[in-house]
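Report on the following structure.
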Number of protein chains: 2
Amino acid sequence: MNSNPANPANPNGQGAAGEGVSAVSPAASPTFSPLYQQIKGLITQSLESGEWKPGEIIPSEVELAARFKVSQGTVRKAIDELAADNLLVRRQGKGTFVATHNEERAQFRFLRLLADDGAEHPHVSRLLECRRLRASAEIARQLDLKPADPVVLIKRLLQFDGEVTVLDEIWLPGAVFRGLTLERLSEYQGPLYAMFETEFGTRMIRATEKIRAVAAEPSVAELLHVPGGFPLLSVERVSYTYGDRPVEVRRGWYVTTGYYYQNELS
Amino acid sequence: MNSNPANPANPNGQGAAGEGVSAVSPAASPTFSPLYQQIKGLITQSLESGEWKPGEIIPSEVELAARFKVSQGTVRKAIDELAADNLLVRRQGKGTFVATHNEERAQFRFLRLLADDGAEHPHVSRLLECRRLRASAEIARQLDLKPADPVVLIKRLLQFDGEVTVLDEIWLPGAVFRGLTLERLSEYQGPLYAMFETEFGTRMIRATEKIRAVAAEPSVAELLHVPGGFPLLSVERVSYTYGDRPVEVRRGWYVTTGYYYQNELS
DNA sequence: GAGTGGTCTAGACCACATA
DNA sequence: ATGTGGTCTAGACCACTCG
């Protein structure tokens, strides 16, 4: 950040078209941060603080411009980038909304397993367990916790069109997901990320995955109805929320006969 | 496209600020295409036709604005999107350049296999063969050719830090890659896509991948120095050039012990 | 018709690179 | 000093949505 974080009076001011505002240009700021980036930060803060909740509409561009004392074009550019990052969703004629996992037209953003025939195989989740325990060194490292900090472990199966296809082990920081039980999980329907968002106020923004081919170990093989040693896709995901804070580690084993992991390189 | 494809006189004209240009607004165009999209198309044409070649600089924004008879802001938005699509690269103070696979700071854009330790293991290619044959039904379909059309097949191994890690089978349309031989391949050094670009005028823009876990078949296992049945990552890639025309099918088998396929979900 | 996002323009000035 | 992309502003008008 540069200066004027809260109520900018045009720091690196390049002045309005025909006005005499802010004839600054001091030492040619060494750490230059454009105004719209600062606005972006301010909007992100409001998202993080819950001033505008997932699914809700945010103030119009003109309102925000007035609030931040900048031109509409500047908040526009800020919102553009936030929309590109999937934090906001623009809807022409209606307004700008906080992105949500609840009413998203597709969870394909995070589940990229497709059937060979391209059909729309609906997937259902079968919960296996949900318990609280202390983080291993590895999980603690990935979740940015201290070893032996409390975590929640969820195990579940995903069935695609009746076929058992995915086994997931999901680790969550216990402090954030207080009160998460198997009962509560089973009551809720819909994507896990939607539940995390509405029930625990934690919204997944982005994730990284490490993908490998592995041989099925006996316990995994049994759950997935494949012989031991069967080749499985191992997907280790770390999900992040605002401020790039990790909030989930998910280890998945995918059966990729009849299904494949779809990826786009661009 | 809307109208005025070549030398626009502001079709859906919303007129300059204080001028009397193009007071149109006819039947409220049913298929509305913004000006900057049309400009984007015109620039893409120039890229495709080779008017500006990979690595070269393109005309400045003001020049293009004059050429297309639009404001600088409009060509700016067009270039912005083309840069986001990795067709152009902006460099402040210098100009805008046509993207190239030659001097790219990283080919990580297309090779996403990383070592567990995160180190910079240099990879070297070992060519196995390069022959011309007739497309199978499947390959023809994927390359949008007619069955039995001529294709080129390249097989190669990739070694990471000495270890054999990847086996690739690469299919190319024979008509485009005329004169591609094993000798020519071995002479060239650097990424294949760089060679395709400079030697055959075909630039890869984007690709899709289907990823699976499979058991190594005997012939593959032998080449990769793993036992038969060993779990391998199967990566089937289709690459596209301008106009979303497919120009490569690449089937890869990756050994993912000590390495993983890195992916970002956002 | 009023409000919202989307497009387009024109002009000023800043940051960066190069000569 | 000049030219290039990058930021910021102000204002006009268009496309879309909804009451």
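Chain A is the first sequence line, chain B the second, and so forth, proteins listed ahead of strands; every chain is numbered from 1. The shown structure was predicted, so the numbers you read here are calculated from the model rather than taken from an experiment.
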Residues passing the side-chain contact (heavy atoms from CB on, under 4.5 Å) test with A:Glu264, sequence neighbours excluded, are A:Gln262, B:Arg206, B:Thr208
Which residues share a side-chain contact (heavy atoms from CB on, under 4.5 Å) with B:Ala84, sequence neighbours left out
none
Would you please name every residue forming a ring pair (Phe, Tyr, Trp, His ring centres under 6.0 Å) with A:Phe97, sequence neighbours left out?
none
For atom CD of A:Glu81 and atom P of D:dC8, their distance in whole Å:
11 Å
Just do the ring-ring contact (aromatic ring centres under 6.0 Å, His included) check on A:Tyr259 and A:Tyr254 with the steps written out, would you?
CA-CA 9 Å; A:Tyr259 301 91; A:Tyr254 299 4; over 10 Å; no
Distance test, side-chain N/O of B:Thr96 to OP1/OP2 of D:dG5, below 4.0 Å
yes
Partners meeting ring pair (Phe, Tyr, Trp, His ring centres under 6.0 Å) with B:Tyr242 (sequence neighbours left out)
none
Interatomic distance where CG belongs to A:Asp80 and C1' belongs to D:dT7 [whole Å]
14 Å
Whole-Å distance separating the CZ atom of B:Phe97 from the P atom of D:dT4
11 Å
Would you say the side-chain atoms of B:Lys53 pair up with the backbone N or O of B:Gly50, donor to acceptor, closer than 3.5 Å?
yes
Expressed as a whole number of angstroms, how long is the span from A:Leu35:CG to D:dT7:P?
11 Å
Between P on D:dC14 and CZ on A:Arg76, what's the gap in Å once rounded to a whole number?
17 Å
Establish, with yes or no, whether the OP1 or OP2 oxygen of C:dT4 is under 4.0 angstrom from a side-chain nitrogen or oxygen of A:Arg90.
no
State which of D:dT4, C:dG6, D:dT9 makes the closest approach to the side chain of A:Ser71.
D:dT9
Which sits closer to the 5' end of DNA chain C, A:Pro59 or B:Gly73, going by the nucleotide each is nearest to?
A:Pro59
Write out a two-atom table: protein N or O, nucleotide N or O from nucleotides 1-3 of chain C, distance below 3.5 Å.
residue : atom : partner : partner atom : Å
C:dG3   : N2   : A:Gly93 : O            : 2.9

OP1, OP2 of D:dT17 versus side-chain N and O of A:Arg91: anything below 4.0 Å?
no
Residues at least two apart in sequence or cross-chain that pass side-chain contact (heavy atoms from CB on, under 4.5 Å) with A:Asn86, listed by chain then number, are A:Arg109
Find which nucleotide of DNA chain D each of A:Lys77 and B:Ile57 is nearest to by heavy atoms, and output the residue with the more 5' nucleotide.
B:Ile57
Of A:Val75 and B:Glu63, the one whose nearest nucleotide on DNA chain D sits closer to the 5' end is B:Glu63
